[in-house]
Amino acid sequence: MTKSNEFLSKTPYRLKRYVGYVVATVVALSLPFIRIDGNHIFLLSFDKKQLHLLGTAFDMQELYLMPFLLMLLFLGIFAVTSLGGRAWCGWACPQTIFRVIYRDLIETKLLGLRRIKNKQKEPDLSKPGNKAKKILGILIWTCLALIAAADFLWYFVPPEDFFAYLQDPLEHLFLIGFVLAIAAFLIYDVVFLKEDFCIYICPYSRVQSVLYDNDTFQAIYSTNRGGDIYNESKEKIIFKAKDLPIDTNECTTCESCVTVCPTHIDIRKGLQLECINCLECVDACTTVMGKLGKPSLVQWSSTNAIKNDIPTKIVRKSTIMYSVALMLVVALLFVMGGEKEYMLLNINKTTQLYKVKEDGIVANNYVLLFQNTESKPLTYELEIIDNPDIKIERFEPFTLSPGKLAKKVVILETNKILVDDKTKDTPITVTLKAYAKEDPTKVVVFRKAVFIFPRADKLK
């Protein structure tokens with residue numbers, strides 16, 4: 001084992017989680033500011049009616065990607081749950097991160113109101129100075145909550161627009177009110193609601209039992225070594241150490257795993273929906289049993305490994321199914337994303353089917369709606385690619401600013417006899433090619449239009 005691997009194996013899960021929280025925080029705060037070719041990594045802008053994904057801007061008409069993104073999100077969380085239990089809850093959920101920042105950093109490290117190893121005991125506000133510390137802690141968290149609320153909105157209102165709107169607050173009271181409302185919720189949630197959000201409100205805990213199996217990694221207590229501390233009805237068994245076989249009952253009943261639990265459960269009762277897989281109990285038991293020269297009774301492992309003495313299977317039916325589903329969704333996402341058009345063009349025919357001019361010229365009128373979805377001005381050209389007998393009249397190349405729309409009336413004409421039919425008008429499909437002069441290979445779309453050619457007697 002290398003020194004780095006040995007260090008990681010000995011590092012408490014709490015410190016590993018802290019590193020993960022720092023990384024998640026840095027990513028969440030910096031991601032809205034990263035731009036590729038003027039587009040954001042992820043942005044769902046209702047103002048500009050666009051979805052930015054990995055530096056590509058999709059118009060609202062292209063939001064067929066959203067269902068695939070949602071499927072990817074939920075399937076990903078379900079797959080992680082099947083493998084590592086509620087790893088999302090304990091290691092990546094904003095609710096948990098915010099609680100750790102407030103409880104462990106602000107109240108414990110900065111203000112000394114708590115102890116890391118005892119999350120059951122609330123601060124004693126009757127002591128002199130503790131009320132002032134509590135208020136100070138809430139004020140500190142209020143500032144952080146405002147930043148978190150703004151960061152949340154940056155994924156819907158890009159930072160460059162957000163800060164520009166703040167310079168004229170009276171014109172953007174809704175935006176400011178939204179930030180304040182989110183911040184107020186975060187203050188109530190983190191300071192007063194606490195882990196009750198995870199236990200009673202979050203629906204995720206209610207579905208975890210369906211996703212777990214005997215190979216799912218979770219915080220699990222070894223009854224083979226520590227004995228059953230609770231009977232079948234989960235009532236605590238009162239016993240004396242001398243009444244238990246020493247070789248099979250190693251639990252010292254120190255209850256360090258209980259006092260350190262943020263959701264106030266006893267891991268020795270077995271799987272409980274309140275457990276968020278933070279692994280604080282594993283660290284606590286590792287410390288206590290380590291002093292006795294024994295491995296922890298609570299480990300991040302599986303039921304098969306701890307209770308049935310069977311190696312944990314990573315590759316199994318559920319993980320294969322999730323992997324196939326995720327790969328399928330990702331493949332569909334790339335396929336659909338590959339259909340991205342870098343300009344939008346809608347073609348509508350006018351109410352007049354056609355017009356016969358002098359010398360037998362037949363004209364059809366169309367209304368074309370152009371939209372520039374790129375981040376730079378583009379000059380658009382238009383041509384017919386599959387019918388040389390039909391010409392474009394009354395269209396001149398024009399320049400369109402980013403995000404703007406333009407409506408153009410286009411006339412298609414022909415002086416040829418395309419169809420010699422004396423009984424009815426004949427629809428002829430033509431293909432129009434619209435492209436940007438600055439980048440004709442990338443910014444190009446093809447659209448079908450129906451040209452109505454009149455019956456023969458109309459041409460006389």
Side-chain angles (χ1 to χ4, degrees), residues 13-14 17 20-21 73-100 102-104 118-122 185 188-223 226 228-237 251 255-285 296-308 312 316 318-319 321-322:
Y13 285 110
R14 181 189 297 117
R17 284 168 54 229
Y21 294 164
L73 173 64
F74 284 104
L75 281 175
I77 293 178
F78 291 163
V80 168
T81 305
S82 178
L83 280 171
R86 292 179 67 180
W88 161 261
C89 296
W91 294 72
C93 178
Q95 165 75 16
T96 303
I97 296 176
F98 293 157
R99 275 295 295 163
V100 168
Y102 178 73
R103 183 192 61 232
D104 294 358
N118 191 344
K119 294 180 173 58
Q120 308 287 339
K121 187 177 181 181
E122 292 294 326
F185 170 76
Y188 171 75
D189 174 35
V190 172
V191 178
F192 303 102
L193 192 58
K194 300 177 283 192
E195 278 74 21
D196 285 347
F197 180 91
C198 306
I199 298 172
Y200 300 110
I201 299 176
C202 180
Y204 183 39
S205 61
R206 270 67 188 172
V207 302
Q208 67 171 1
S209 59
V210 180
L211 303 173
Y212 277 31
D213 57 36
N214 286 340
D215 289 301
T216 298
F217 280 89
Q218 57 186 292
I220 187 169
Y221 168 76
S222 176
T223 56
D228 290 318
I229 306 301
Y230 292 83
N231 59 25
E232 293 182 355
S233 62
K234 302 302 181 185
E235 295 176 349
K236 194 169 184 179
I237 301 174
C251 181
E255 298 198 346
S256 294
C257 60
V258 178
T259 57
V260 79
C261 178
T263 57
H264 302 186
I265 66 171
D266 189 338
I267 195 62
R268 297 172 297 178
K269 290 183 178 181
L271 177 63
Q272 298 157 73
L273 62 85
E274 296 89 350
C275 180
I276 61 172
N277 240 7
C278 66
L279 308 184
E280 293 272 9
C281 53
V282 178
D283 287 338
C285 192
S296 175
L297 292 171
V298 187
Q299 298 183 23
W300 191 59
S301 188
S302 68
T303 301
N304 274 340
I306 296 298
K307 295 188 176 182
N308 303 329
T312 303
R316 53 190 190 272
S318 61
T319 57
M321 291 175 61
Y322 280 121

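These numbers come from the heavy atoms of this one structure, side chains and all, not from hydrogens, waters or symmetry mates. Just so we're clear, the structure is a prediction, and the values are computed from it rather than from any experiment. Position 1 is the first residue of the sequence, and the numbers go up from there.
Residues R268 and C251 meet the side-chain proximity criterion, which asks for heavy atoms closer than 4.5 Å. Under the 4.5 Å side-chain criterion, counting only non-hydrogen atoms from C-beta, I201 is in contact with L193. Contact annotation: the side chain of C202 never approaches that of Q95 to less than 4.5 Å [non-hydrogen atoms, C-beta and beyond]. Using a 4.5 Å heavy-atom threshold, the side chains of I220 and T303 count as touching. Counting only heavy atoms from C-beta outward, the side chains of L83 and R316 approach each other to under 4.5 Å. Side chains of C261 and Q120 form a contact here, defined as non-hydrogen atoms less than 4.5 Å apart.
Residue pairs satisfying the salt bridge (charged side-chain N to carboxylate O under 4.0 Å, His left out) criterion with at least one member in residues 80-97, sequence neighbours excluded, are absent.
For N118 (side chain) and V260 (main-chain N/O), no donor-acceptor pair under 3.5 Å exists by modelled atom type. At least one donor-acceptor pair closer than 3.5 Å links the side chain of D283 to the backbone N or O of Y13. Proximity of a side-chain donor or acceptor of D189 to a complementary backbone N or O of F197 within less than 3.5 Å is not detected. Of the possible donor and acceptor atoms, one in the side chain of Q272 sits under 3.5 Å from a partner among the backbone N and O of G270. Not one N or O on the side chain of Q218 forms a donor-acceptor pair closer than 3.5 Å with the backbone of L271. Remark: side-chain polar atoms of W91 are not paired, donor with acceptor, to backbone N or O of T96 under 3.5 angstrom.
Here the closest heavy-atom approach between residue I199 and residue T263 is recorded as CD1-O, 3.8 Å. Looking at every heavy atom in both residues, Y322 comes nearest to S82 through CE1-CB, 3.7 Å. Of all the heavy atoms in W300 and V282, the pair that sits closest is N-CG2, 4.0 Å.
Residues R103 and E195 are paired through a salt bridge, judged by an N-O separation under 4.0 Å between the basic side chain and the carboxylate. Remark: K194 engages E122 in a salt bridge, criterion side-chain N to carboxylate O under 4.0 Å.
Taking the side chain to side chain donor-acceptor pair (under 3.5 Å) definition, one finds that T216 meets it with D213, sequence neighbours left out. Under the side chain to side chain donor-acceptor pair (under 3.5 Å) criterion, T312 pairs with S302, not counting sequence neighbours.
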Q.
Evaluate R17 against V100 for side chain to side chain contact (heavy atoms under 4.5 Å, CB included), listing each step before the verdict.
A. CA-CA 10 Å; R17 284 168 54 229; V100 168; 3.7 Å; yes
